[in-house]
2 protein chains.
Amino acid sequence: MAVEETKANILDAAESFFAEAGFHGTSLRQITERAGVNVASVNYHFGSKENLMDAVLRRRLEPLNAIRFARLEAVKAEAAEAGETPSVRAVMIALIDPTLRAVVQPEFGGFSIIMGRIFTDHRGAIMERVRPLIEPLLACYLEVLYEALPHLSREEVALRLRMSLGALQHAIHAVRGHLTDSCPRELVTALPEEAVVDSLIDFVTRGMEGS
Amino acid sequence: MAVEETKANILDAAESFFAEAGFHGTSLRQITERAGVNVASVNYHFGSKENLMDAVLRRRLEPLNAIRFARLEAVKAEAAEAGETPSVRAVMIALIDPTLRAVVQPEFGGFSIIMGRIFTDHRGAIMERVRPLIEPLLACYLEVLYEALPHLSREEVALRLRMSLGALQHAIHAVRGHLTDSCPRELVTALPEEAVVDSLIDFVTRGMEGS
DNA sequence: GTCTATAGATTGATAGAC
DNA sequence: GTCTATCAATCTATAGAC
């Protein structure tokens, strides 16, 4: 088996198990068995279980963040060309649209579940390793939102962004739950992906802009 | 040591460890050591580690849910007396106000972190055990919201409630992060509890009511 | 009810043959 | 690069003295 294929198989298996049972709830033996590789290969290719989790996250987050940065730059450029400040709605679309669309792709497996869990994990070594992947992105979006909402305090804008991220996270779970398996009935949406994207963007735009 | 005191000490220690490292990331030895009790006492008093988690959750959720049910009933009664349907805002206050106020109390320890993690866990034995504590409450709130928003489809209302719960969850983390320890800077709010409650209620009311 | 001691299984990581 | 074998540590749960 080619090296990259072996690594990809390990990453796929790890992603699904970490989503299902969490980092501590998953053993390397489960991962290597599902990946069809040897027990020792995780430590050979990744160094440790923790490094493996890091690789699982980076594989998805780095390309996704590149897109989200680019989308924000495009919004800023377009507004600058018109001599205006970007609209709140345009900024939120730049953040939400690529995120939700990426995350519902089947190959993203349990990534959204892992991220959702990490996002509510304030402690632990893993959060420390994801933080540098998230903070710069949020900082860029916040800068633009401060300009777009000059009548609000920075604290208020940051809190509203945080609440919007919560809405995004749960919307993702609502759609993904629909795609995957057993969920509390009330928490799964029967709406198609398109409808959820639209509803979410309207929801957070109203939330960000109000009063 | 009195029995109830022993059990309470175990529950306190378990709550903080489960919040810090998760269910699988916590050992009974860590819990019993912090609680100042014997290793065997968990199995004596609770039967198993999983039952202990169940008890940790019930201790907080059952009284909190009783309050949230009562608050909803009060809103319904008040509206019925005036011959109207309850306002969306009143319903969201009934849900959010007691939740956020309970959860920021110091004795609630890591409960909000545990709940946040479970809420994004669609699988696993623990979710199965929490579900009956959550679903009936959501169902009651949804019934009232359907009436208050008759121009929207039921799917749309349910999705919006879910997104509001996401906003609530992240608002809780924003305040609690402020009260506790290291968090990503952007994700912690410097605003006082009162301001967060107000901002959150405005945010979700706008989100639920729009278009 | 609380304790010590331990069974029995599983873990992450590594050493060394091929 | 992949394998087997294994180490040393850790885990949950329980048995039995007090």
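For the numbers below, each heavy atom of this structure counts, side chains included, while hydrogens, waters and symmetry mates do not.
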Checklist entry - What do the steps show when you test A/M53 against A/R129 for side chain to side chain contact (heavy atoms under 4.5 Å, CB included), and what is the final call? => result CA-CA 10 Å; A/M53 174 61 117; A/R129 303 178 77 151; over 6 Å; no
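- Whole-Å rounding puts the A/E33 CD to C/dT11 C1' distance at 15 Å.
- Counting to the nearest Å, the C1' atom of D/dC11 and the CD1 atom of B/I31 are 12 Å from each other.
- Distance alone, capped at 3.5 Å, is enough to place a donor-acceptor pair between the B/N65 side chain and the B/L133 backbone.
- B/T26 comes within 4.0 angstrom of sugar-phosphate atoms only, judged by non-hydrogen atoms across all strands, and of no base.
- Geometrically, B/R60 engages B/F108 in a cation-pi contact defined by less than 6.0 Å to the ring centre and at most 45° from the axis.
- Taking side-chain N and O atoms only, B/S41 has no distance below 4.0 Å to OP1 or OP2 of C/dC3.
- Atom-to-atom, CZ of A/F46 to P of C/dA13 comes out at 13 Å; the value is rounded to the nearest Å.
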Taking N or O atoms only and anything under 3.5 Å, show me the protein contacts with nucleotides 5-7 of chain C, one pair per line.
none

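- Atom CG of A/L28 is separated from atom C1' of D/dT10 by 15 Å (rounded to the nearest Å).
- Between the CG atom of B/N43 and the C1' atom of D/dG16 there is a distance of 15 Å, rounded to whole Å.
- Under the 4.0 Å criterion applied to side-chain N and carboxylate O atoms, B/R59 and B/D12 are assigned as salt-bridge partners.
- Of the possible polar contacts, none joining the A/R117 side chain to the B/R117 backbone as a donor-acceptor pair under 3.5 Å is found.
- Heavy-atom contacts from other residues, nucleotides or ligands closer than 6.0 Å to CD of B/E193 number more than 12.
- Looking at which nucleotide of DNA chain D each of B/Y44 and B/Q30 is closest to, the 5′-most match is held by B/Q30.
- Atom NE2 in B/H24 sits about 16 Å away from atom C1' in D/dT10, given to the nearest Å.
- For A/K49 and C/dT10, the NZ to P distance is 15 Å, given to the nearest whole Å.
- The main-chain N or O of B/F17 is found under 3.5 Å from a side-chain atom of B/T26 such that the two form a donor-acceptor pair.
- A/H45 places its NE2 atom 15 Å from the P atom of C/dT14, with the value rounded to the nearest Å.
- Counting any heavy atom pair closer than 4.0 Å across all strands shown, B/S27 reaches sugar-phosphate atoms only and no base atom.
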